[in-house]
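Take a look at the structure set out below.
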2 protein chains.
Amino acid sequence: MPTIQDVAARAGVSVATVSRFLSGQTVRSADAVREAVDALGYRPDVAAQAMRTGRHSAVGVIVPDIGNPFFAAIVKGLAQGIPDGGLHMLLASSEESAQLEARLLADLDSRVDGYVLAPVNEQDRLPLELVRRGVPVVLLDREVDGGEDCDVVLVDNAGGAASAARHLLDLGHRRIGVISGPANTTPGRERREGFLSVLAEHDVVVEPGLDLVGDFLEESGRRLTEQLLALPERPTAIFTANNQMTVGALRALQAASVPVPDEISLIGFDDLTLGGLLQPPLTCVVRDEVRQGRTVMELLVERLGHARLAETPQVPPRRVVLETTLLVRGSTATPRQEA
Amino acid sequence: MPTIQDVAARAGVSVATVSRFLSGQTVRSADAVREAVDALGYRPDVAAQAMRTGRHSAVGVIVPDIGNPFFAAIVKGLAQGIPDGGLHMLLASSEESAQLEARLLADLDSRVDGYVLAPVNEQDRLPLELVRRGVPVVLLDREVDGGEDCDVVLVDNAGGAASAARHLLDLGHRRIGVISGPANTTPGRERREGFLSVLAEHDVVVEPGLDLVGDFLEESGRRLTEQLLALPERPTAIFTANNQMTVGALRALQAASVPVPDEISLIGFDDLTLGGLLQPPLTCVVRDEVRQGRTVMELLVERLGHARLAETPQVPPRRVVLETTLLVRGSTATPRQEA
DNA sequence: GTGAAAGCGCTAACAT
DNA sequence: ATGTTAGCGCTTTCAC
C-alpha cells in the first residue's frame, strides 16, 4: 500500500501539500498530485487519520436482534441515510443482553465517532454517559429514562396500539388478550399502555390472565398464545405487540387449529414479510421501517457534522415520532356470537 | 480517555510493562498495573494499535442485500462465529452493484484484517486480488471464476435444485416453469443447471418461454410469474430459485387468483420466514443459514490466526458445501388432469 | 501556497 | 523482567 510519502515523492511536493490537496484545499500542483494519487492507487490509511484527528468516519450501530427482519429493514434504512463516501457502519447485535451491549459499546469506543443505539432497556445508563461525554448518539425506536438530552426516533407506539384497540372494539370484541413486550422497553411499555387505555375508556376490563408480557421473541408469542387458548374462557381477539410475537401467535393458533378470524381475531404491531399473503392476511399496525432507519442516520450525520465544527455545538436534542397506520386485512372480524 | 502513559505513571512502571501485561505476558508488577487499568478505566486505542501493528481486529462483511431475511440470518450466524471479545464486524450491503461493491471494498481496506464476501458476480476480480495480496477472504454462498485459491462456503445448489425437480417429476409434472437467478452468480447458475439437468435426464423439455432468468429480487419473481401465467399453455408447476423471487411468485399467483397447488404447484429454493404458515404451506429446499454464516466466520477466524503467525501460512483453501433438504409441505401436488 | 517537523498512542526491538 | 526509544501514516501548526 502506497503512503502519502510515496505520493509526495512522485508528485515532487511535500506530504503537507498532498494532505492539503486531499482535504480539498487549493494547491498549485493539483494536477501532479492527482496524477500521483491515481497512478499509485493511493488510499489514505484510516487508522493513521483516526489517530491524528480522533475521527474515524464510522458509526457504531447496536440493535437488539439482527436476525429480526424488522431490524434488517431498519439497517437498510440506516445504510440509505449514509451520505456518499467514507462513512461506515459497524454493526453489532446485543441479543437483548445488557451485558453484551456494554461490552460492545466498550469495544466500539475507539473505532467510531457516534452511535445508533436501540438500548436493551429504559434503565440503560450507557447511552446517556456517551452523550455527557459529548459523543453523538441517536436512539433507535427505544428511549431511556432521563434521555431528554438525546436524539431519538420513535414511532407513535401508543397511538398505533390505540388504533388497534379501537378497531377491535368497533368490531364488537370485549374479551381481548394482550401480549405485550418487556415493560422496561419503550415499545413494550407504550404499546401496552396505549392499547389498554383505550379499552379502559370504553369500560372493557382486561383481567390479569388476558394481560400477558412477553419478550418480543417468537417463542414467547407462541407460549403466551397457548396460555390464552388454555383459559376456561378464551378471548375473542388477541393483540401482539411486535412482529416476532405475532409469528409465534400464528404458529400457536395454527397448531391448535383455531380458525382466524372466525374464532379468534388477531392484530399485530408491525407487519410481517408475508403478512399480506397469509390466509387470512394479517391485520396490523404498520410503519415505514426503512424511513425510520434513514431518519436516524440523517440525525446522526447532522450531529457528527456539528461535533466536528465546535466543542459544544449545543444542537438541541430532537425527538422524532413517526406515524403508524392501521392496515385492516383479514385476520380481524366481528366476534362469533356465543350462545 | 486515559492513555497507556497514564496507566504506566499510576502503576509506577514503564509503558512497555503495561503493554506486556495487556498482551498477557507475565509481569512482576501485575497487580499494580491491573489496579491502574481498572481505576483509570483504561481501554487501548484501537486506531493506535492498528497503526502500529497493522491489525485492526475487525472483519469486513459485504452482502448483496442486507434487507433480505436470508442474509439477515447469515449475519446472525456470522456474529455467532466470532470468538469472545475484540473482533468486530463491519457490515455493508452492495445492493447487487459491482460498482458499489468496489467502493465499499476500497473504503474498508484500511479498517479490517479480512473479509466475508458474497461477490456480486462470478467475474468479480476483487476477491482474488485480495487473496493475492495475502488478505484473508472467505466467500459466502457465491464463488468467483478461478477462485480455487479462496475459502468458500456454499450449499449444494445443484443437488438441492435437483431434488426439487425430482419431486415435481415424481408428482407427474411435465410442463414446468423455472425462474432462476442471474447466470453469472453461483446460486443462479448452479440451481438452474441442477434443476434442468434432472428434467433433461427424464426427457422433459423446458421450452424457452418456461426457462426464465430473474435477478433474485421479489419484483422479478412477480413479473416472471405473470409472464408464465400469460402463456397460451401455462405450466403446471413453477420452481423459484430464491426466497425473494418465491415471494414475488406468491404475490403474482394470488393476484391472478391461481389456486396453489390445484392449478399450479410452487416449489422454492430457501424457506420463507412464514413459509410453513402460508396457505398452503410452502414446499421448498431448505438449509441452515445460521450454520452457514457461522461456518464462514469460523474459517475466516482460523485464517486470521494463521495470517498473524506467518507471512506465508499456506493454509490450503477450503471449500465447504453444506447440504440441503427437501421440505415437502403443501404447495406442490399432482398436476390437475387436463382434458 | 508551501515545506519541515512535531506528535497522536501504541508495540517491538534493543539494551540492560 | 524491565525501561528506552523509534516509528507506524497522517494532519497541522509554524515559519517562510
Side-chain angles (χ1 to χ4, degrees), chain A residues 1-34 36-37 40-58 86 88 106-113 307-311, chain B residues 1-37 40-58 86 106-113 307-311:
Chain A
M1 289 280 89
T3 76
I4 199 171
Q5 306 276 0
D6 303 325
V7 177
R10 175 163 180 137
V13 297
S14 75
V15 292
T17 301
V18 177
S19 179
R20 292 193 185 99
F21 169 81
L22 291 169
S23 71
Q25 299 181 43
T26 44
V27 161
R28 234 196 290 285
S29 46
D31 289 344
V33 178
R34 198 190 337 272
V37 167
L40 269 42
Y42 168 74
R43 316 250 348 152
D45 181 317
V46 205
Q49 284 181 320
M51 160 121 80
R52 188 60 176 74
T53 64
R55 289 185 296 103
H56 305 82
S57 54
H88 278 273
D107 289 350
L108 286 173
D109 199 84
S110 56
R111 327 183 85 108
V112 301
D113 303 317
R308 203 183 332 182
L309 294 177
E311 281 305 317
Chain B
M1 289 281 88
T3 75
I4 198 171
Q5 305 277 0
D6 304 326
V7 177
R10 175 168 179 130
V13 297
S14 74
V15 292
T17 301
V18 178
S19 179
R20 292 195 185 97
F21 169 80
L22 292 169
S23 71
Q25 299 182 43
T26 45
V27 163
R28 232 193 291 285
S29 46
D31 289 343
V33 177
R34 198 191 335 272
E35 189 276 338
V37 166
L40 270 43
Y42 168 76
R43 316 244 355 145
D45 181 316
V46 205
Q49 284 181 320
M51 161 121 81
R52 189 59 176 74
T53 63
R55 289 186 295 103
H56 305 82
S57 55
D107 290 350
L108 286 174
D109 199 83
S110 57
R111 328 181 85 107
V112 301
D113 304 317
R308 202 181 335 181
L309 294 177
E311 280 307 316

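Sequence lines set the chain letters: A, B, ... in the order given, protein chains first and strands last, and positions in each chain run from 1. Since the structure is predicted, the reported quantities are computational estimates derived from the model, not experimental observations.
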Does the side chain of [Y] come within less than 4.5 Å of [X]'s, by heavy atoms?
| X | Y | result |
| --- | --- | --- |
| B:Ser19 | B:Arg52 | no |
| B:Thr17 | B:Ser29 | yes |
| B:Tyr42 | B:Asp6 | no |

It should be established whether [X] places a side-chain nitrogen or oxygen under 4.0 Å from OP1 or OP2 of nucleotide [N].
| X | N | answer |
| --- | --- | --- |
| B:Ser14 | D:dG3 | yes |
| B:Gln49 | C:dT11 | yes |
| A:Thr53 | C:dC8 | no |
| B:Thr17 | D:dG3 | yes |
| B:Arg52 | C:dG9 | no |
| B:Arg28 | D:dT2 | yes |

Measure [atom1]/[X] against [atom2]/[N] and give the value in whole Å, please.
| X | N | atom1 | atom2 | answer |
| --- | --- | --- | --- | --- |
| A:Gln5 | D:dT11 | CD | C1' | 12 Å |
| A:Arg20 | D:dT13 | CZ | P | 11 Å |
| B:Tyr42 | C:dG9 | OH | C1' | 7 Å |
| A:Leu22 | C:dG1 | CG | P | 17 Å |
| A:Asp45 | C:dC8 | CG | P | 18 Å |
| A:Gln25 | D:dT11 | CD | C1' | 10 Å |

First encountered from the 5' end of DNA chain C, between B:Ile4 and A:Ser29: A:Ser29
Value rounded to 0.5 Å, distance of CG in B:Leu22 from CD in B:Gln49: 8.5 Å
Working to the nearest 0.5 Å, report the span between CE of B:Met1 and CG of A:Asp109. 5.5 Å
Does B:Arg43 make a side-chain donor-acceptor contact with the base of C:dG9, cut-off 3.5 Å? no
Assign each of B:Val27 and B:Met51 the nucleotide of DNA chain D bearing its closest heavy atom; nearer the 5' end lies the nucleotide of B:Val27
Hey, does B:Phe21 reach any base, or is it just sugar-phosphate, or nothing, if we go heavy atoms under 4.0 Å? nothing
